[in-house]
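Right, one structure below, let's go through it.
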Amino acid sequence: MARRWLPPGLLLAALVGAWEGWVVLRHTPAYVLPSPGRVAGAFADAAPLLPAHVAATASEAVAGLVIGAVAGAAIAVAVASVPLVRRVLEPLLVASQTVPMIVLAPLLVLWFGIGTTPKVVVVALITFFPVAVSTAAGLAGADPELLDLVRSMGAGPAATLRTVRFPAAVPAFFSGLRIAAAYAVAGAVVGELVAAEHGLGVFINRSRSSFRVDRIFVAVVIVAALSALLFALVGLAGRLAAPWHHANRPAEEAP
Amino acid sequence: MTAAAVAVRGLAHRFSRGNRVTAALDGVDVAVAPGELVSVVGPSGCGKSTLLKVLAGVLVPSAGTARIGGHDVVGRPGRAAYMPQRDLLLPWRRAMENATLGCELDGLPRGQARLLAAPLFERFGLAGFERAWPSELSGGMRQRLALLRTFLLPREAVLLDEPFGALDAITRRQMVDWLQDIWLDDRRASLFVTHDVEEALVLADRVVVLSARPGRVRTVVPVPFPRPRAPELVTDLGFVALRRTVMAALAPYATEEGSSEQGASEEGARGPGVEPMRHDGPMPHDRPMRDDGDRGRGSGDGERGAIDQAGVDRGDGDDGRSGTGGPRRTGVGPDRRG
């Protein structure tokens, strides 16, 4: 554990130290770049405001991630089992990823209002794609000899999906979901930046208009921490869902 | 006599990869009587696995018929207990769930399937490993689990494709003896594919020798030794002579039984392992339409074809050959996980 976390921890500490040194030596004004110490102070200072915002952003991110995961898995199953669907959907799916979310978010707010819905939609749109691509690869990558084996036992297409294709795709599904989880929180914040009543995006907007750059940094740190937490939780869920994948095997490195 | 449990006639198969066409099998006839174990030996790439895949119903051949218990199995899986070349355990199922896979697919409730499988774990040397993941088992244990899964399936015929191919020589030898015991308890019509002549002779009632690609039946060698066969049998002079016969038939320049000189020189000129058939353009899959109507169960005797049982003595309780050791019934597999 220590071996794993020590090197990145040291680097992070060095970077924070350099940041502090830079601000102190150059006398950088706090409305341009606050020192890490000042950011920590802002954290304590804003603490009573934060829980509501964090809860809003986190719930949007999780709801969007769940919807994106379900949609992504469903698309993957359709693409993997119906060749026509694959031919029709695949180019469109790739094209859909070229539309920047930052452009789409105002439209979604226009359509769905300033409540939670547009943020959940943004997160779902961001997260379904890695899940769909990864799961489709997992479904298609099932060992053809295993498929022959269960077919020789008399399994039809449905039983083949159930006994071989689905379980074979579980690790791939979770590696797609982990990537998706890393983007989910940022997606929710993008939606909130456009228009919202609660959420870290709102907190960032307010801090900016009152020149509290230190509070913006507080929000950035929280977004990063939330993303990391979600990423870790998905990783844990993956281990629980596919225990065979990790039995007798060294821990997998994060992608 | 009853119909052959397994009957393959005129089986031919060509694979096409792009413009290249490779003939894997060419006019192969094989029959297995009920309660008989037939080994198929041949050089790599002679279509041994193709033969089993056709019988398992997962590969539709270019031509020929394949029947199990009188039923056409071409493109119709589910008649044979098939064990592919690799152990092919499902990594996401524990040992017990792997063993019961086929029974579950047959619609047997899980609990009932487990009751059937549980006693076999002892017999297959896997007691105590019911909850292990396949990745936690040794190579020999994985093979035994795959065999357990195969034998547990209530099917008329058992098809084993080089079940010990991936094992080291010592484990392999032990597994052969052990498989013989298992089979003697079971006595199902079995086709055992291998490239190991000794293994084939120790296990089989008859050995079918295939030529190099495209696989044709070179000869069929009856193995008259009574069962159970002790490990020492391999040093028996009669056994050695049979072994020589099979190896001679396997030699690249050997002629097919009854084939002409010309056939032999053709083989020789090509040498083994060379793809002899090359067509440009698309390859028609010229398998004739299924004709269930005119070949029912009744004509089964005729299907035994050219390689009927050659008067093999398979006396059950006959262990008169005391010189080769008495019956062994160890009951537990040879190796344990280290």
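Quick note on labels: first sequence line is chain A, next is B, and so on, each numbered from 1. For the numbers below, each heavy atom of this structure counts, side chains included, while hydrogens, waters and symmetry mates do not.
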Legend entry - Inter-residue atom distance B:Glu104.CD - A:Arg162.CZ, 0.5 Å rounding: 7.0 Å

Legend entry - Considering all heavy atoms, the nearest B:Gly102-A:Met153 contact: CA-SD, 3.6 Å

Inset, instruction - State, to 0.1 Å, how close B:Leu88 and A:Leu146 come at their nearest heavy-atom pair, and which atoms those are. - result: O-CD2, 3.5 Å

Inset, instruction - Can you tell which part of B:Arg93 gets under 4.5 Å to a heavy atom of chain A, answering side chain, backbone, both or neither? - result: side chain

Legend entry - B:Leu89, part contacting chain A, at a heavy-atom distance under 4.5 Å: backbone

Legend entry - Neighbour count above 12 (heavy atom, 6.0 Å) for A:Tyr183 OH: no

Inset, instruction - Determine whether more than 12 heavy atoms belonging to other residues, nucleotides or ligands lie under 6.0 Å from atom CZ of B:Arg94. - result: yes

Legend entry - Side chain, backbone, both or neither of B:Ala81 within contact of chain A (heavy atoms, under 4.5 Å): neither

Legend entry - Beyond-backbone contact of A:Pro243 with B:Trp133, side-chain heavy atoms, under 4.5 angstrom: yes

Inset, instruction - Below 4.5 Å from any heavy atom of chain B, which atoms of A:Val170 appear? Answer side chain, backbone, both or neither. - result: neither

Legend entry - Euclidean distance, B:Leu90 CG relative to A:Leu149 CG, rounded to 0.5 Å: 7.0 Å

Legend entry - Approximate separation, where rounding is to 0.5 Å, of B:Asp161 CG and A:Glu145 CD: 9.0 Å

Inset, instruction - Mind listing the closest non-hydrogen atom pair of A:Ser152 and B:Val58 along with its distance? - result: N-CG1, 3.7 Å

Legend entry - A:Val164 and B:Trp92: CA distance, side-chain angles, deciding distance, side-chain contact (heavy atoms from CB on, under 4.5 Å) verdict: CA-CA 9 Å; A:Val164 178; B:Trp92 45 84; 4.2 Å; yes

Inset, instruction - Against chain A, label B:Leu153 side chain, backbone, both or neither, depending on which of its atoms sit under 4.5 Å from a heavy atom there. - result: side chain

